[in-house]
Amino acid sequence: MKTVETELYRHQLAEAAALQIELSKSIVLQPFKGSIRHIAGVDAAFIDNSIIAAACLYEFTPDKEISKKHLQKTDEKTVLRNVEFPYIPGFLSFREAPAMIEALRALESTPDVILVDGQGIAHPRGFGLASHIGVLMGLPTIGCAKSRLIGNYTEPDTVKGSTSELLIGIKKVGTVLRSRNNVKPLFISPGHLVDFNDSVRIVLECTTNYRLPQPIRCAHNLAGARKLKVVGH
DNA sequence: GCGACAG
DNA sequence: ATCTTGTCGC
């Protein structure tokens with residue numbers, strides 16, 4: 001019995017991995033095209049067998065006067081769905097991407113670029129959550145993870161803006177970025193339709209007083225808030 | 001065989 | 001991700 005289940009499980013994972021490898025061929029790494037007006041952030045929270053995906057939309061306002069109010073929240077959406085895939089390192093997108101994409105599509109404007117709480121191409125098969133969402137939606141995405149999944153690196157300097165390369169052998173797959181002074185670094189990797197430099201540049205443009213870029217922080221808090229309402233009453 | 005391992 | 005208060009540090 002247990003061996004049969006194990007075999008089925010193995011087949012499903014093998015299929016999922018094959019899909020990632022196939023879809024990864026569609027990834028386009030290139031400098032970001034055009035200008036950014038709308039930028040979104042996505043994250044998720046969990047309750048029992050449900051997932052709450054949250055998407056926050058921000059807009060860059062051309063106000064050169066107020067340098068600190070360049071980013072304004074324009075919209076936010078949450079989605080509550082049943083979870084149909086377990087958490088397995090390397091297969092996170094099959095658990096979170098469906099609900100996240102629904103939340104992103106619900107936004108009143110299509111974002112020019114999306115910041116995702118997870119890896120982009122810094123993944124065993126070069127197809128992390130950010131790349132998955134980017135390719136399926138046909139939109140630019142950037143992977144912004146709080147910890148490492150794969151790759152080697154040297155600790156970047158403790159000063160904000162310091163970076164080091166995330167490498168798999170001699171191949172660069174991402175950038176380890178110190179988003180604030182004396183905080184654990186973020187692992188930035190292109191998801192789709194952006195390159196290494198623009199990924200880091202865009203993340204920094206959305207990061208001010210916290211470790212995480214504003215759109216992702218907002219999505220994180222929103223998912224948590226929605227969760228409290230659900231469990232509250 | 002022994003670790004590592006996004007959220 | 002989630003379970004969880006106070007507490008150390010800039």
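Scope of the values below: all heavy atoms of this structure, side chains included, with no hydrogens, waters or symmetry mates. The sequence lines fix the lettering, A, B, ..., with proteins before strands; numbering per chain opens at 1.
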For the rings on F60(A) and H38(A), is their centre-to-centre separation under 6.0 Å? no
Could you provide the dot-bracket string of DNA chain C, using ( ) for intrastrand pairs, [ ] for crossing pairs and | for bases paired to another strand, with Watson-Crick or G-U pairs below 3.5 Å? ..........
Which protein N or O atoms sit under 3.5 Å from an N or O of nucleotides 1-5 of chain C?
unit_1 : atom_1 : unit_2  : atom_2 : d
dA1(C) : OP2    : K146(A) : NZ     : 3.3
dT2(C) : OP1    : F46(A)  : N      : 3.3
dT2(C) : OP1    : K227(A) : NZ     : 3.2

Can you hop from I202(A) to L193(A) via hydrophobic side chains spaced under 4.5 Å? no
Any side-chain heavy-atom pair from E76(A) and C56(A) closer than 4.5 angstrom? yes
Assign F91(A) to base, sugar-phosphate, or nothing according to its heavy-atom contacts below 4.0 angstrom with the strands shown. base
With a 4.0 Å cut-off on heavy atoms, is G90(A) in touch with a base, just the backbone sugar-phosphate, or nothing at all? base
Could D75(A) and K77(A) be called an ion pair, given the rule that one side-chain N must be under 4.0 Å from one carboxylate O? yes
Looking at R125(A) and E22(A), is any side-chain nitrogen of the basic one under 4.0 Å from a carboxylate oxygen of the acidic one? no
Might you confirm whether atom NZ of K171(A) has over 12 heavy atoms from other residues, nucleotides or ligands at distances under 6.0 Å? no
Start with the C-alpha distance between I27(A) and I121(A), add both sets of side-chain angles, then the distance that settles side chain to side chain contact (heavy atoms under 4.5 Å, CB included), and finish with yes or no. CA-CA 9 Å; I27(A) 292 177; I121(A) 63 171; 4.0 Å; yes
For chain A and DNA chain B, what are the first and last nucleotides along the strand, 5' to 3', with at least one atom under 4.0 angstrom from a heavy atom of the protein chain? dA4(B) to dG7(B)
May I ask you to check if [X] and [Y] form a cation-pi contact, with NZ or CZ under 6.0 angstrom from the six-membered ring centre and within 45° of the axis?
X: R201(A); Y: F196(A); result: no
X: K146(A); Y: F187(A); result: no
X: R217(A); Y: Y210(A); result: yes

